[in-house]
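Atoms within a ligand are numbered from 1 in the order they appear, just like the ligands themselves.
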Amino acid sequence: MSSAKLGSASEDVSRRDANYHPTVWGDFFLTHSSNFLENNDNILEKHEELKQEVRNLLVVETSDLPSKIQLTDEIIRLGVGYHFEMEIKAQLEKLHDHQLHLNFDLLTTSVWFRLLRGHGFSISSDVFKRFKNTKGEFETEDARTLWCLYEATHLRVDGEDILEEAIQFSRKRLEALLPKLSFPLSECVRDALHIPYHRNVQRLAARQYIPQYDAEQTKIESLSLFAKIDFNMLQALHQSELREASRWWKEFDFPSKLPYARDRIAEGYYWMMGAHFEPKFSLSRKFLNRIIGITSLIDDTYDVYGTLEEVTLFTEAVERWDIEAVKDIPKYMQVIYIGMLGIFEDFKDNLINARGKDYCIDYAIEVFKEIVRSYQREAEYFHTGYVPSYDEYMENSIISGGYKMFIILMLIGRGEFELKQTLDWASTIPEMVKASSLIARYIDDLQTYKAEEERGETVSAVRCYMREYDVSEEEACKKMREMIEIEWKRLNKTTLEADEVSSSVVIPSLNFTRVLEVMYDKGDGYSDSQGVTKDRIAALLRHAIEI
Ligand SMILES: CC(C)=CCC/C(C)=C/COP(=O)(O)OP(=O)(O)O
């Protein structure tokens with residue numbers, strides 16, 4: 001507990017303090033700017049020239065399909081696939097011939113399977129049957145093949161026993177082989193065993209793979225160089241976006257006005273950039289980054305600092321959504337409320353209405369109100385000592401985890417949907433959105449329930465599950481981990497079954513889930529961003545790749 005007081009915050013209440021560390025970035029992103037373009041003469045021309053070369057390689061007709069499959073996959077893994085979306089789609093359509101794979105070895109079959117399923121094509125996992133021996137077991141000692149097989153298995157859906165066997169087999173063999181492997185394959189395998197490609201954030205996967213590919217004897221020089229230049233050019237754009245976001249954060253002076261809250265504008269940017277990195281989504285990142293910043297301040301106000309009376313006033317003001325309501329909330333909260341209204345006003349004027357989809361703002365505001373209501377409910381649990389049942393907890397925490405909100409906001413931000421029905425559909429928390437939200441909640445709670453308990457909270461998925469099913473802490477955690485696997489399979493299935501209404505929800509659902517996998521892989525990397533999160537942000541947003 002802390003006795004720190006803020007502004008006109010009531011003087012005689014004892015308040016909690018989560019002791020979040022200050023930003024690890026100081027003013028770095030406020031001032032830092034890449035000089036990659038200035039320092040490299042004619043780099044734009046070179047980039048364009050290389051792009052053309054890579055495009056030619058991709059579209060050229062060939063009977064060597066394994067090489068074409070490999071090249072298509074490498075282009076995507078190197079993070080430059082977004083330049084060739086049409087060409088890649090056309091290639092995959094050609095490769096989607098069920099008879100084709102009969103001539104492929106296990107390595108090519110695995111890459112082909114992952115590529116096609118990863119792009120929504122229907123491929124049966126029976127294609128792996130012919131690689132089993134007479135005893136019904138997989139049989140290969142080739143590390144590269146095992147790596148590709150392991151990566152492919154993460155596209156599995158419920159009931160695919162052959163892929164369940166393949167994942168066990170390939171993981172076990174790779175773990176045994178890893179100490180004997182040399183760079184770059186050793187790193188490819190290590191990365192995959194840690195976070196498989198399908199579950200990794202695309203920008204990070206590219207940042208990991210670019211030097212690995214560069215060290216391959218079989219690399220295509222122009223592709224390798226193109227990937228490096230493109231990465232650095234995108235990094236310069238991302239830095240300029242984060243600079244602008246940091247200015248906004250500083251202008252509001254959130255860190256000194258709300259010292260109890262997490263000062264994480266760079267981490268929030270990394271979260272949103274992880275979910276959509278392409279230049280064309282720059283404005284979407286701008287708004288989503290501000291929204292995650294404000295959401296994080298509100299979460300800390302409800303979870304840590306505010307009294308029940310104060311947060312209830314804030315919830316009522318959010319329901320009113322009116323600048324006049326600012327008078328009715330405690331002074332220290334007013335900066336959040338003003339910031340919040342400003343973001344949505346700007347979102348409406350500069351992105352939503354500019355696209356002629358004026359109705360979107362109502363959906364955006366509604367999901368924001370909904371998350372605040374769920375935070376209110378959690379504050380009530382804490383302050384009244386109420387312990388919900390597991391189902392009751394999950395119903396609320398699916399919302400408080402924030403993924404329904406961010407999936408809908410990203411859908412609006414990207415603007416790549418034709419039907420209003422898509423927003424209505426996503427708003428009902430269909431299985432796709434639910435799977436992503438559940439994974440987010442399980443991963444978050446597994447990594448944060450202990451820290452939350454230290455500051456007095458007793459309600460989490462782990463604790464509610466233990467109480468409801470009378471199991472040990474260890475068993476409850478194991479169950480959560482199993483449920484993450486189940487929900488991943490459900491997510492894979494729903495993305496494969498996407499139709500006209502749901503297809504634009506696939507990328508937001510998958511990509512946000514991937515960010516969670518990475519952000520919470522070694523603890524709560526958002527709240528405590530001093531370790532691996534800092535390294536990853538530095539790799540993506542600070543250090544250019546050497547050309
Ligand atoms: C995806 C979202 C909503 C991002 C905003 C920042 C945030 C609240 C992160 C989770 O913190 P936490 O672990 O304290 O969350 P909770 O209080 O829900 O457990």
Side-chain angles (χ1 to χ4, degrees), residues 16-21 23 201 245 249 254 258 260-275 287-306 311 336 339-340 343 367-382 388 393-410 433 436-464 480 508-509 511-521 523-529 533:
R16 289 181 293 163
D17 187 348
N19 286 316
Y20 293 124
H21 66 76
T23 174
V201 169
W249 191 248
F254 291 124
L258 307 164
Y260 60 85
R262 289 168 287 189
D263 181 4
R264 300 285 182 275
I265 192 68
E267 291 77 1
Y269 179 79
Y270 159 64
W271 200 318
M272 292 304 142
M273 185 268 266
F287 293 115
L288 267 59
N289 184 210
R290 290 177 185 203
I291 294 174
I292 196 173
I294 283 285
T295 308
S296 186
L297 297 174
I298 298 176
D299 187 48
D300 291 336
T301 305
Y302 281 60
D303 277 1
V304 177
Y305 190 81
V311 302
I336 308 179
M340 174 195 84
I343 297 169
V367 282
F368 197 84
K369 286 184 177 176
E370 191 182 38
I371 197 172
V372 172
R373 278 177 216 134
S374 72
Y375 287 171
Q376 169 78 23
R377 183 87 69 89
E378 285 176 357
E380 286 165 6
Y381 295 160
F382 174 76
Y393 171 78
M394 288 309 292
E395 198 185 323
N396 190 58
S397 72
I398 272 188
I399 303 299
S400 70
Y403 268 20
K404 174 191 170 186
M405 175 176 90
F406 277 114
I407 288 168
I408 289 180
L409 291 175
M410 180 160 146
V433 178
S436 173
S437 303
L438 283 171
I439 296 169
R441 179 44 72 197
Y442 294 139
I443 294 182
D444 178 336
D445 276 16
L446 271 173
Q447 297 291 16
T448 62
Y449 80 98
K450 286 213 165 106
E452 287 172 359
E453 282 173 11
E454 278 169 23
R455 49 174 210 253
E457 281 174 40
T458 50
V459 176
S460 65
V462 177
R463 293 295 169 194
C464 289
M480 302 282 118
S509 303
N511 283 359
F512 272 125
T513 314
R514 290 167 172 151
V515 179
L516 238 297
E517 287 277 344
V518 171
M519 191 71 92
Y520 288 77
D521 69 328
D524 174 358
Y526 178 76
S527 300
D528 180 358
S529 59
T533 301

What residue among F254, Y302, Y305, Y20 forms ring pair (Phe, Tyr, Trp, His ring centres under 6.0 Å) with Y260?
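Of all the options given, the one that passes is Y305.
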Flag, side chain of [X] to backbone of [Y], donor-acceptor distance under 3.5 Å:
X: D300; Y: R262; value: yes
X: Y403; Y: F512; value: yes
X: E457; Y: E452; value: no

Starting from the N and O atoms of ligand 1, collect every protein N/O partner closer than 3.5 Å and put each pair on its own line with the distance to 0.1 Å.
residue: ligand 1; atom: 11 (O); partner: R262; partner atom: NH1; Å: 3.1
residue: ligand 1; atom: 11 (O); partner: R262; partner atom: NH2; Å: 3.4
residue: ligand 1; atom: 13 (O); partner: D444; partner atom: OD1; Å: 3.1
residue: ligand 1; atom: 13 (O); partner: D444; partner atom: OD2; Å: 3.1
residue: ligand 1; atom: 14 (O); partner: D299; partner atom: OD2; Å: 3.1
residue: ligand 1; atom: 15 (O); partner: D444; partner atom: OD2; Å: 3.4
residue: ligand 1; atom: 17 (O); partner: D299; partner atom: OD1; Å: 3.1
residue: ligand 1; atom: 17 (O); partner: D299; partner atom: OD2; Å: 3.1
residue: ligand 1; atom: 17 (O); partner: D303; partner atom: OD2; Å: 2.8
residue: ligand 1; atom: 18 (O); partner: R441; partner atom: NH2; Å: 2.9
residue: ligand 1; atom: 19 (O); partner: R441; partner atom: NH1; Å: 3.3
residue: ligand 1; atom: 19 (O); partner: E452; partner atom: OE2; Å: 3.3

Can you sort out the partners of Y526 under ring pair (Phe, Tyr, Trp, His ring centres under 6.0 Å), two or more places apart, ordered by chain and number?
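Applying ring pair (Phe, Tyr, Trp, His ring centres under 6.0 Å) to Y526 gives W271.
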To the nearest 0.5 Å, tell me how far R514 CZ sits from E517 CD.
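Going from the CZ atom of R514 to the CD atom of E517 covers 10.0 Å.
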